[in-house]
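Here is the structure we will look at, set down as structure tokens.
This is a predicted model, so every value here is computed, not measured. The sequence lines fix the lettering, A, B, ..., with proteins before strands; numbering per chain opens at 1.
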Number of protein chains: 2
Amino acid sequence: MHAPFPYDLDTAVGYAIGHTAHRLKMGLRRAFTSAGHDVTPEQWVVLYRLYESQGLTQVELGERTVKDKTSITRILDRLESKALAERRRDAHDRRSQRIFLTPDGRDLVEHLVPLVRAYAAEAFADVPPEDRDHLRRILANIETRLDAMPEPKDPA
Amino acid sequence: MHAPFPYDLDTAVGYAIGHTAHRLKMGLRRAFTSAGHDVTPEQWVVLYRLYESQGLTQVELGERTVKDKTSITRILDRLESKALAERRRDAHDRRSQRIFLTPDGRDLVEHLVPLVRAYAAEAFADVPPEDRDHLRRILANIETRLDAMPEPKDPA
DNA sequence: AGCGGAAAATATACATGCTAATCATTGCCG
DNA sequence: CGGCAATGATTAGCATGTATATTTTCCGCT
């Protein structure tokens, strides 16, 4: 209606990225539940990383999933309560936990992968391969820049 | 370590989008707090939409911010408690609330906009304009596809 | 040795999103 | 006109993310 300064959120690239990311995640969530799997997209990522490399520390898991330590703690609580993963105290460093998938956890990952592949195939069906590469490159470009941006808290 | 089926999360476009979106949002959050503004990125979007058009219904606000009705309710609770916005019962339909920014709310938006612009300028500094356009187009493309995808629950 | 800081994990408090259920109001339709 | 489905909003329950503080354990360094 009125706009005393020029700004248009709707053309903001960052907003568009967030918007698309949100919808993609929600779609994946629904793909999981409608296939009868009681698992969230976040749990899926953790399970996937554990499938890749068992025995990770929670810190390592956090790095590989780009999640906070506290989020990892809680997600593992749930995965353990669903008997999909288990924590084992590290023998050499008793501060650490080593995380392993249970057989059920491995099974679940193997069921989830085709689902994820199918979902991605459909969601990106209209995006030609060269656009996907371009997209990846642009996003990597942005992240590189974000890495270089000073943390507001420790500019020293 | 072992990979009985071919899948690589790290090359998944959807994962990259989510990753970048997450980091962008966190950077914006920190830009706000380090500038002394007690406001979240989600609240920013709501405030911005209200600045654009005062007197929106919560449903309309939800559409314009791509947020759930319940999220809108709670965010407005907080904005009201911070005296940035206020709800007024619609005279013609007493189920609806019309939402308005307070003077403080308008002031805040006007302070936030330059912050957001500066942040975006820095985050996307390495992305040439034609790449931004391309990015927007690809994302729009994906969303169009998502719109066309059947809701798992009501495929009819 | 042994002290003190760093590291790993947990706990806590708050903000958000999703789902499902509920309440009040509206309005259509027989 | 009168009941009942649809609509706007709220509430409650769960999962996640952020920030901060705490606990336990390790390790470097004097």
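One can place CZ of B/R29 at 6 Å from C1' of D/dT18, the figure rounded to the nearest angstrom. Taking atom NE2 of A/H92 as the reference point, atom P of D/dC26 lies 12 Å away to the nearest angstrom. At whole-Å resolution of the value, CD in B/E86 and C1' in D/dA9 are 18 Å apart. Atom CG of A/L56 is separated from atom C1' of C/dA9 by 15 Å (rounded to the nearest Å). Counting to the nearest Å, the C1' atom of C/dA8 and the CZ atom of A/R98 are 11 Å from each other. Between the CZ atom of B/R95 and the P atom of C/dT25 there is a distance of 10 Å, given to the nearest Å. Rounded to whole Å, the distance from CG on A/D38 to P on D/dT16 is 10 Å. Distance B/E60 CD to D/dT7 C1': 13 Å, rounded to the nearest Å.
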Base, backbone or nothing for each nucleotide of nucleotides 10-17 of chain C, written B, S, -, heavy atoms under 4.0 angstrom, 5' to 3'? BB---SBB
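Stacking of A/R106 on the aromatic ring of A/Y51 is not recorded, the 6.0 Å distance cut-off and the 45° axial limit not both being met.
A sub-4.0 Å separation between OP1 or OP2 of C/dT25 and a side-chain N or O of B/R94 is present.
With a 4.5 Å cut-off on side-chain heavy atoms, B/R145 and A/F124 do not count as touching.
Using the six-membered ring where Trp is involved, B/Y15 and B/H19 have ring planes that are perpendicular, over 60° apart on the 30 and 60° scheme. Ring pair A/H134/B/H134 is perpendicular by interplanar angle, where above 60° counts as perpendicular and below 30° as parallel.
In this structure, A/A83 and A/D104 approach most closely via the heavy-atom pair O-CB, 3.8 Å.
In the hydrophobic clustering of this structure, B/V13 groups with A/V127; members are Ile, Leu, Val, Met, Phe, Trp, Tyr whose side-chain heavy atoms approach within less than 4.5 Å, directly or through other members.
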